[in-house]
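Each chain gets a letter, A, B and so on, in the order its sequence line appears, and its residues count up from 1.
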Protein chains: 2
Amino acid sequence: MDGMRQSDKGRRKPRADAVRNRERVVEAARAVFSAGGPEASLEAVARLAGVGIGTLYRHFPTREALFEAVYRREVQHLAELAEQLKQEAEPVEALRRWMRSNVKFVATKKGMSAALALAAYNNSELFSYSFDRLTRAVGGLLDRAIASGEIRSDIKPEDLLRALIGMCYMHDQPGWQTSVLRLVDVFVDGLRIRPDTPRAKAKPRKSR
Amino acid sequence: MDGMRQSDKGRRKPRADAVRNRERVVEAARAVFSAGGPEASLEAVARLAGVGIGTLYRHFPTREALFEAVYRREVQHLAELAEQLKQEAEPVEALRRWMRSNVKFVATKKGMSAALALAAYNNSELFSYSFDRLTRAVGGLLDRAIASGEIRSDIKPEDLLRALIGMCYMHDQPGWQTSVLRLVDVFVDGLRIRPDTPRAKAKPRKSR
DNA sequence: GGCATATACGGAGGATGCCTCCGCTTTTCA
DNA sequence: TGAAAAGCGGAGGCATCCTCCGTATATGCC
């Protein structure tokens, strides 16, 4: 992996300042949208990034394009987190932590979540890409936990993801975060095959 | 129920034109947001409603206030639909139809859904009010179906609602509507107690 | 290193939409 | 029927969006 010589058929190498500025803008956008929600001023984003408004618009012609870049970045982070947890924790614990991180992700970025929901709403390719990416990420954790024999085997990654999304939709009621974190724990415990309950040990109910 | 003489302690009766205009604005907003999403121009709403922009702002000081009015109205409709279905269809069929209507509701109002999601996001009172209202609406249908002995009794209205919301979150992938409608059917069938499977007929698993 | 040029930068300024304010109109109530 | 409360419309000030173009700088070739 020494570069992109071939894939960018004959193009000149992108200018270093352009790459740097693009990155700065995305990072600034993440911060500004987190704080101010999806309606936040783009000029504020440019200001925080330390670039001119024209630069922002060249990289991201529309507000949605900027949302999208932030979205992909966040999805990427969650996917990478899954990989990392695979190495740091035992199977079931890794799964639990990943789900909890998801909840916190929604929690700490109130405004952002709205922006991201909006972005996904208006861009089905982005939505299915993300859903897919996250499904694969959680699929890895899930397979591992199933292989270890600690949890039941009739759960699909999509189910788990959908359950998580559904649970987070509760956001904003007074103690929602605590409540959802508890739900996650309950859910993960529910996945577990209890060695101390002999009846129907891991009996995969007819597998359908 | 002949009026509000008492409840509006001594206030003058609200002017008829004001009531009419308010209604017009909400209706216009529903149409405009449905077509153009949550960012649609408020001046367009006023134009469509046939009122001045000042009138719109007097009734709804902020964009969110307008979202909220539309939101409450839609929730009201869904709740009323539940009541109506109780009288028109047999228990399980009524439940199925209500869930399907929900899916169609999301489908026909692409832009609106985003607007409503946004509104709920920034107003937890509104969110919990709606969740509550819908929970009660579906609860009525559910109790009736359980009482008829046709479906299992260990499902809670919140679960059903949450499942529905989660499934609709799939919106926008190519054939999502068909897919979700199918899921709803599967789900409702899953609730059913099959008379042809004798084992554990309606046995409410320990009921906690 | 030095030069040519593709590429990127910044921000002025026109366009659009938000929202306030106030003079005029309509409705209510006595 | 008349007074006054309530409501109406839209002009205009202000903020933000986004385009356009003159200036600046990195890249690639010698």
Asker: Measure from the side-chain heavy atoms of A/K13 and tell me the nearest of C/dG11, C/dC9, D/dG28.
Answerer: D/dG28

Asker: How many Å lie between CZ on A/R58 and P on C/dG10, as a whole number?
Answerer: 8 Å

Asker: Between B/D159 (side chain) and B/K156 (backbone), is there a donor-acceptor pair under 3.5 Å?
Answerer: yes

Asker: Using only side-chain N and O atoms of A/N21, determine if any of them is under 4.0 Å from OP1 or OP2 of C/dC9.
Answerer: yes

Asker: Ignoring the backbone of B/S41, work out which of C/dA8, C/dC18, C/dG11 is nearest its side chain.
Answerer: C/dC18

Asker: Write down the distance between CD (A/E64) and C1' (D/dC18), rounded to a whole number of angstrom.
Answerer: 13 Å

Asker: Of B/G50 and A/A44, whose closest DNA chain D nucleotide lies nearer the 5' terminus?
Answerer: B/G50

Asker: Categorize B/A16 for me: base, sugar-phosphate, or nothing, with a 4.0 angstrom heavy-atom threshold over every strand shown.
Answerer: sugar-phosphate

Asker: Just compare C/dT26, D/dC17, D/dA26 and give me whichever is closest to any side-chain atom of A/D17.
Answerer: D/dA26

Asker: So, B/D189 and B/R192, do they make that salt bridge, N to O below 4.0 Å?
Answerer: yes

Asker: Specify the residue among B/E39 and B/G54 whose closest nucleotide of DNA chain C lies further upstream toward the 5′ end.
Answerer: B/E39

Asker: Would you kindly give the CZ-to-C1' distance between B/R47 and C/dC18, to the nearest whole Å?
Answerer: 13 Å

Asker: Go through the side-chain N and O atoms of B/E80 and B/Q76 and say whether any donor and acceptor fall under 3.5 Å apart.
Answerer: yes

Asker: Please check this pair: side chain of B/S101 against backbone of B/R97, looking for a donor-acceptor N/O pair closer than 3.5 Å.
Answerer: yes

Asker: For the pair made of CZ in A/F60 and P in D/dT19, what is the distance, rounded to whole Å?
Answerer: 15 Å

Asker: Measuring to OP1 and OP2 of C/dC9, would you say a side-chain N or O of A/H59 lies under 4.0 angstrom away?
Answerer: yes

Asker: Whole Å only: how far is the CZ atom of B/R24 from the C1' atom of D/dC8?
Answerer: 13 Å

Asker: Go through C/dC19, D/dT27, D/dC18 for me and flag the one nearest to the A/R15 side chain.
Answerer: D/dT27

Asker: Whole angstroms only, please: what is the CD-P distance between B/E43 and D/dA11?
Answerer: 11 Å

Asker: Quick one: bend of the helix from C/dG1-D/dC30 to C/dA30-D/dT1 from 5 pairs per end, to 10°?
Answerer: 30°

Asker: Under 4.0 Å between a side-chain N/O of A/T55 and OP1 or OP2 of C/dG10, yes or no?
Answerer: yes

Asker: Would you find a donor on one side and an acceptor on the other, under 3.5 Å apart, between the side chain of B/W98 and the backbone of B/A79?
Answerer: no

Asker: Do B/V103 and B/Q177 touch side chain to side chain, with heavy atoms closer than 4.5 Å?
Answerer: yes

Asker: Once you round it to whole Å, what is the distance between C1' of D/dC18 and CG of A/L66?
Answerer: 14 Å

Asker: Do B/E39 and A/R63 meet the salt-bridge criterion of a basic N to acidic O distance under 4.0 Å?
Answerer: no

Asker: Roughly, in whole Å, what's the span from CZ in A/R20 to P in D/dT25?
Answerer: 12 Å

Asker: Check this for me: does any side-chain nitrogen of one of A/E93 and A/K86 sit under 4.0 Å from a carboxylate oxygen of the other?
Answerer: no

Asker: With sugar-phosphate meaning primed atoms plus P, OP1 and OP2, does B/R63 contact a base, only sugar-phosphate, or nothing at under 4.0 Å between heavy atoms?
Answerer: sugar-phosphate

